[in-house]
Amino acid sequence: MISRIDKDHNRFREIVRGKIRKNLRKYISRGDMMSRKGKDTVTIPMPQIDIPRFTLGGGGKSGVGQGEGEPGDPVGGQPQDGGQGSGKAGEGEGEKALEVEVTLDELAAILGEELGLPRIEPKGTESLDTKKDRYVSLRNQGPESLRSFKATFKRALRRQISAGTYKAGNPIIVPIREDKRYRSWRTDPRPQSNAVIIYMMDVSGSMGDEQKEIVRIESFWIDTWLRSQYQGLESRYIIHDATARVVERDTFFRTRESGGTMISSAYKVCAELIEKEFSPETWNIYAFHFSDGDNWSVDDTATCISLLRDTLLPACNQFGYGQVESPYGSGQFIKDIRAAFGTHQKLVTSEITGKDDIMDSIKEFLKGGR
Amino acid sequence: MAPVSGELRDLQVEIQQYADEFGLRYFTQVFEVVDYVQMSEIAAYGGFPVRYPHWRYGMEYDHLIKSHTYGLSKIYELVINTDPCYAYLLSGNSYTDQKLVMCHVYGHNDFFRNNHYFSRTDRRMIDVMANNASRVRRHMDRHGISSVESFIDTCLSIDNLIDPWAVFRDPPPPPRDDDDVNPEDSVMRGRLPNVSGYLEDYVNPPEFIQAQREKRRAEKEASKRKIPQRPERDVLGFLLQHAPLDAWEADVLSIIRGEAYYFLPQMQTKIMNEGWASYWHSKLMTERALKDDEIIDYADAAAGVMAMAPGQLNPYKIGIELFRDIERRWNMGRYGSDWDNCDDMAARATWDKELGGGRDKIFEVRRLYNDVTFIDEFFTMDFCREQKFFTFQENRRSGRLEIETREFKKVKDKMLAQLTNFGQPFIYVVDANYLNRGELLLGHRHEGSDLKLDYARDTLRNLERIWRRPTAILTIIDDKPKRIRFDGSEVTISDEPEAFKV
């Protein structure tokens, strides 16, 4: 039987999910979600789940405290919630914004439900699970090299006390065979990923902070969704202006470079990366490229198209091209691609004019269920 | 969940003996041992695992479990005000901790039983709560979970609008029968006694009698029209009587009101209750129960309970220190006008009349006081200085909290201000037929701080859901009298000629 509290707890989670779903567009378009990301949970501020009451606002925080110090000295260490003295802290509904924690899986599920995303059918069916042994328990047989000294002597001590042969004055403990305990292991399967996302971003001079923010937010959500579909997803990051290189995740989102734009450089690096590390037979490869669509030359665009056609599209489950609108770019590239491929099954293009479009763009990218 | 057995049972017998010895008068004490998941569950339900279903308990549970898992907080014990008194012990506590907690619980139990403010609470609240729960479930079965739940949300939004003194007030006297409906019956009313009949017209001039009668009638008419006659603090009770509620809605509202009144004394006596329990765990442990080898563990646990976080008052700490201070002062005779008027520092420092009435005094205090009166009477200048109290204020430029002053009067005023009405606004029902349109008008008695506006707006919306007509509240925003009104579709704020006063 489900206990009462579990019912109430589930109800609470349901309400939280409902609120998230209702405000998903708002949450998605706001960047601060990712900064709240823990290991596998996200903290979402949610004041509207609080029960409103008539309460006092009050100018500034103040209260009564106890301890050393002269007037004007800072109160030692900052109190956690505004120092509502009198020990009533914690009941003070007013000061503290309510926050709820949601796991990324849950978030992905909500995203999936809300956008109506289909589940992805992975290719490369053979499982790539590896196994790892961990010493977690004890047993009474095993090689001497695994004998646990502490556990063995504890058993021996216990036996001697209960047998009455233990003397406090002369505490000699001699383990016998039955006392011996050996460390024992458990084999944990370690799911190994067979999916990779390759993010490519144009960091040329025309991509401003706002454009990068959009890319950042969008990749976070794509990442969240794909991670819920594959265990242990790999990701790689490529930035490019006129030349391209593979970078760390951190660099990917932070770099500000300038210079021209040669999209083909990124596609080349991507193709090399796939060739070297991720064989298309076993890997599910997702590539996303974000740019403002202002490529250097028509020749380069032609190179891009041939690279896409010959190498990238055959290798990838899906290739997504997101074009972020920027005040400087001409936005020609998306038109060129569309003209070249029409409605190619594996190629998805999306135009993002602002943060509000992120959600539609995500839907565009992920609705194929590839 | 299991009742105590084995060594804990023996421990209870032992501690109960000590409690008897010191003269604590408690309800039958029942201990149950629970693990931390059960403890969090019970705590989420406010001590009553049988309460009606509602998501906010789930939220509380979520929070408790998490903060326990991350080691941020730990609930050692939980005790509820019932007869017999139930207390839950955490199964993971060490033996010494359990000892301490048991002593502490006996303190709470004695307080529940003897403090005046608890005298009107229902000691069979477990049964009441269980009945409430089954009624709410029945309403849910009949009217749908979400509609009942959202109505509960609505009611909770105003569950702080109750009158703390209502339970101690005598029921209103039955309306006096001075209806002047039939003037013939009351021909004698309003007349002065007159023995000699021939002076009648002189003693009681007919015009005057007639005028008085008219005046009374007019007053009566006016008061009939005004509901409530005087501003009413028990907003929940008022709504229950006057709002157009369905039967199930009225039932839910009355359940929430009943539980709000039940929990009220615990909020009124937080400092005293914890102080009293701490005083007794300290007393019973150090003078009786503690064994030599437990000293360190006890000291560690006790220090943790008494620790004062900067910028936060710990009710345990203030409470216990005040009780100790009172005991010492009364033992030494440091009270009364002689003491108050003595300004010879040397005499004060050595003042000891060896009266020895301290213990009796603190028992009296625990019977008669609540936090506000407790602080008001016993928080003295000496105490304030010894305990190094100060007030603090946020420095608007740097955003950090800074010590404002150590002046006794300011510290005490601040403390009392925080305790008065639990730091919540005073809200009254002013008029149930506002503008003669059946609108509900509330009044906020402004005591220096404004209402939090966004919350006030949402609360008005919820009130409108109950009242089913526009609702408004008189208040003061930035020193200007204002009226916030919700008409069913939008919230407006308008100027008022005068601030609301009671």
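Predicted, not measured: the structure shown is a model, and the values here were computed from it. Chain letters run A, B, ... following the sequence lines, proteins first, then strands; residues in each count from 1.
Only the backbone of Glu404(B) comes within contact range of chain A, judged by heavy atoms closer than 4.5 Å. For Ala456(B), the parts lying under 4.5 angstrom from a heavy atom of chain A are both the backbone and the side chain. Heavy atoms closer than 4.5 Å to chain A are found in the side chain of Leu161(B), but not in its backbone. Residue Lys410(B) does not touch chain A at all, counting heavy-atom pairs closer than 4.5 Å. At a 4.5 Å heavy-atom cutoff, the contact between Leu442(B) and chain A is made by side-chain atoms alone. Of the atoms belonging to Leu463(B), it is side-chain heavy atoms, and not backbone ones, that fall under 4.5 Å from chain A.
Residue-environment remark: CD1 (Ile145(B)) stays at or below the threshold of 12 foreign heavy atoms within 6.0 Å. Within a 6.0 Å sphere centred on NZ of Lys66(B), other residues, nucleotides and ligands contribute more than 12 heavy atoms. Heavy atoms from other residues, nucleotides or ligands lying under 6.0 Å from CG of Asp478(B) number 12 at most.
Tested against Asp8(A) for a side chain to side chain contact (heavy atoms under 4.5 Å, CB included), the candidates Tyr45(B), Tyr52(B), Tyr61(B) yield a single pass: Tyr45(B). Here the options are Glu447(B), His444(B), Gln424(B), the test is side chain to side chain contact (heavy atoms under 4.5 Å, CB included), and the partner is Leu56(A); only His444(B) passes.
For the set Arg51(B), Glu60(B), Arg56(B), Arg137(B), the entry with the most heavy-atom pairs within less than 4.5 Å of chain A is Arg137(B). Among the candidates Ile158(B), Val411(B), Ile427(B), Asp153(B), the residue making the largest number of heavy-atom pairs closer than 4.5 Å to chain A is Ile427(B).
Within the model, atoms CD1 of Ile15(A) and CE of Met59(B) stand 9.0 Å from one another, a figure rounded to the nearest 0.5 Å. Within the model, atoms SG of Cys384(B) and CD of Gln66(A) stand 9.0 Å from one another, a figure rounded to the nearest 0.5 Å. The distance from atom OG1 of Thr55(A) to atom CG of Asp454(B), rounded to the nearest 0.5 Å, is 8.0 Å.
No side-chain heavy atom of Phe390(B) sits under 4.5 Å from any side-chain heavy atom of Asp73(A). Side-chain contact check for Phe54(A) versus Ile473(B): some heavy-atom pair is nearer than 4.5 Å. Pro52(A) has its side chain within reach of Asn462(B): a pair of non-hydrogen atoms, C-beta onward, lies under 4.5 Å apart.
In the model, His9(A) has a side-chain atom that pairs as donor or acceptor with a side-chain atom of Asp62(B) under 3.5 Å.
In summary, Arg53(A) and Asp159(B) engage in a salt bridge, as defined by a charged side-chain N under 4.0 Å from a carboxylate O. Residues Arg406(B) and Glu70(A) are not paired through a salt bridge, judged by the lack of any N-O separation under 4.0 Å between the basic side chain and the carboxylate.
Contact record, Phe12(A) with Trp55(B): CB-O, 3.6 Å, taken as the closest heavy-atom pair. Summarising the geometry of Ala44(B) relative to Ile5(A), their closest heavy-atom pair is CB-CD1, 4.1 Å, with the distance given to 0.1 Å.
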